[in-house]
2 protein chains.
Amino acid sequence: MAKAGISLKGTKVSTLKKSRSTVEPGVRRRKKFDDKRQFILETALAVFSQYGFHGTTIEQIANSADISKTNLFYYFKSKEELYLTILENILNDWLAPIAGFDEVDDPKTAIENYIRLKLELSRDQPQASRLFCLEIIQGAPILKSYLNGDLKNIIEEKSKVIERWISQGKIKPVDPTQLIFTIWSTTQHYADFSVQVKAITGKDLTNKKFFEDTCQSIQNIIFNGIA
Amino acid sequence: MAKAGISLKGTKVSTLKKSRSTVEPGVRRRKKFDDKRQFILETALAVFSQYGFHGTTIEQIANSADISKTNLFYYFKSKEELYLTILENILNDWLAPIAGFDEVDDPKTAIENYIRLKLELSRDQPQASRLFCLEIIQGAPILKSYLNGDLKNIIEEKSKVIERWISQGKIKPVDPTQLIFTIWSTTQHYADFSVQVKAITGKDLTNKKFFEDTCQSIQNIIFNGIA
DNA sequence: GTCTATATGGCGATAGAC
DNA sequence: GTCTATCGCCATATAGAC
């Protein structure tokens, strides 16, 4: 009787309708509607990413967005729809950086670029990173099918690129998957654990020097180690 | 009016009373009481670490522990007390591994030991790791004072050890704090993101070979990099 | 589109019998 | 110590006026 968690019962994220997409008349009005929807989505992400789905109330989001509770329900028919739409939007951003992984043949450039892109994402979209983390920790009720499908395929594909580099002697032997996990964890850490990072260093990635130092430090360790 | 999040208003974790600690007669009865309390704590950790504070209901915990809701309230006067007690217990475990960091003079041994201990913790106490992660993501309302106090001091102390290694030429120049973050993130990743790890690799740290492979992979990258 | 009620249900916590 | 019953609050969502 799993009671808590989001009861999505097999809802496919990609199947989500944008709602109202069929209405056509009045392009101007339509744009205003979409803009406000977008604004609510961004506001809601900020709240959800801190308190989680259950810890967030519609009223909080409404207050942050300076609208009334009922008005929010005019734009999103339920709390779940709001949450799902956000998660769907995040996925693409989260996945984007790995796309350019086999474009370049030089592993050093490719991997250092990837590290930088992921770290930029942690800097520019820390809330998205945290929401994603919350989702995974809770067992990925919504994203599980995605993890087992698309993501798995992509990683297998990228792993082959890494293995080619190894067989060509361009990098040392290393488990490709473990290497990818290392990159993910080290870069996402600065978004997900930013409170801890800030408590200890007094800085976060919005600090330019700290960003560069962190980027180089991660790149250095992954390429040269410390020995 | 920050409404969500846990409304602890300055409650100091360390000030928590164990409740009933003053009652003396009947050592046998007392032990039974404590045992049951302990059992509830362990059960509750499992639930809290998946669904978070707000996503977890007392009823869920009670069901998991095979007791009634009311009976649970006999052992813990509120949901918050239950949660706080768990968090308090976790902290010590989480911190323990770093203690033996300056005992040994050889950096390779010390750091490889530390990585292994942290990874063992991710294997043996994944729920604790996830609850800790949830807490930090939400802004560490309860642990903030700890992060800024004890933890900061410990890290500064350990950083000096690392800097001594560097000045002695035993390891390459590296920002000590960044090195520690790298170790934390890479090892904790296998607990916090275990669902994702399992989706991609089909394994988790309870698999002996996978544990050893992961441990060596992390140790290798941190010491030798991939170049 | 936006507002003021209000319905509805769930959950933390308590009362009081045994 | 454990149970049954229940209180009271709060959060999601809807109805219906403007």
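To find a chain, count down the sequence lines: A is the first, B the second, and so on, and within it residues start at 1. If you're wondering where the values come from, they're calculated on a predicted model, not measured in any experiment. Below, all heavy atoms of this structure are taken into account, side chains as well, without hydrogens, waters or symmetry copies.
The phosphate of dG1(D) has OP1 or OP2 within less than 4.0 Å of a side-chain N or O from Tyr74(B). At the phosphate of dT2(C), neither OP1 nor OP2 sits under 4.0 Å from any side-chain N or O atom of Ser68(A). Distances shown here put a side-chain N or O of Tyr75(A) below 4.0 Å from the OP1 or OP2 atom of dT2(C).
Picking from dG12(C), dA13(D), dG1(D) the nucleotide with the shortest atom distance to the side chain of Phe73(A) gives dA13(D). Ranking dG1(D), dT2(C), dT12(D) by closeness to the Phe33(B) side chain, first place goes to dG1(D).
Contacts of Lys32(B) with the nucleic acid, taken as non-hydrogen atoms under 4.0 Å apart, are absent. Note on Thr70(B): a base of the nucleic acid sits closer than 4.0 angstrom, heavy atoms only.
Regarding Leu82(A), its CG atom lies at a distance of 14 Å from the C1' atom of dA13(D), rounded to whole Å. The CZ atom of Arg30(A) sits 16 Å away from the C1' atom of dG1(C) (whole-angstrom rounding). If you measure from atom CD1 of Ile58(A) to atom P of dT8(C), you get 20 Å, rounded to the nearest angstrom. With rounding to whole Å, Lys79(A) atom NZ is found 14 Å from dG9(C) atom C1'. The distance between atom NE2 of His54(B) and atom P of dC10(D), rounded to the nearest whole Å, is 14 Å. Nucleotide dA13(C) holds its P atom 10 Å from the CD atom of Glu81(B), rounded to whole Å. Following rounding to the nearest Å, Asp34(A) (CG) and dG1(C) (P) show an atom-to-atom distance of 10 Å. Spacing between atom CD of Glu59(B) and atom P of dA13(C) amounts to 14 Å, rounded to whole angstrom units.
Pairing each heavy atom of Val161(B) with each of Phe101(B), the nearest pair is CG1-O, 4.3 Å.
Proximity of a side-chain donor or acceptor of Arg130(B) to a complementary backbone N or O of Ala191(B) within less than 3.5 Å is detected. The backbone N or O of Phe193(B) lies less than 3.5 Å from no partner atom in the side chain of Lys198(B), so there is not a single donor-acceptor pair.
Between Lys69(B) and Lys36(B), it is Lys36(B) whose nearest contact on DNA chain D lies nearer the 5' terminus.
Side-chain contact between Glu80(A) and Phe53(A) is present, with at least one heavy-atom pair separated by less than 4.5 Å.
The side-chain tip of Arg123(A) points at the ring of Phe211(A) from less than 6.0 angstrom away and within 45° of straight on.
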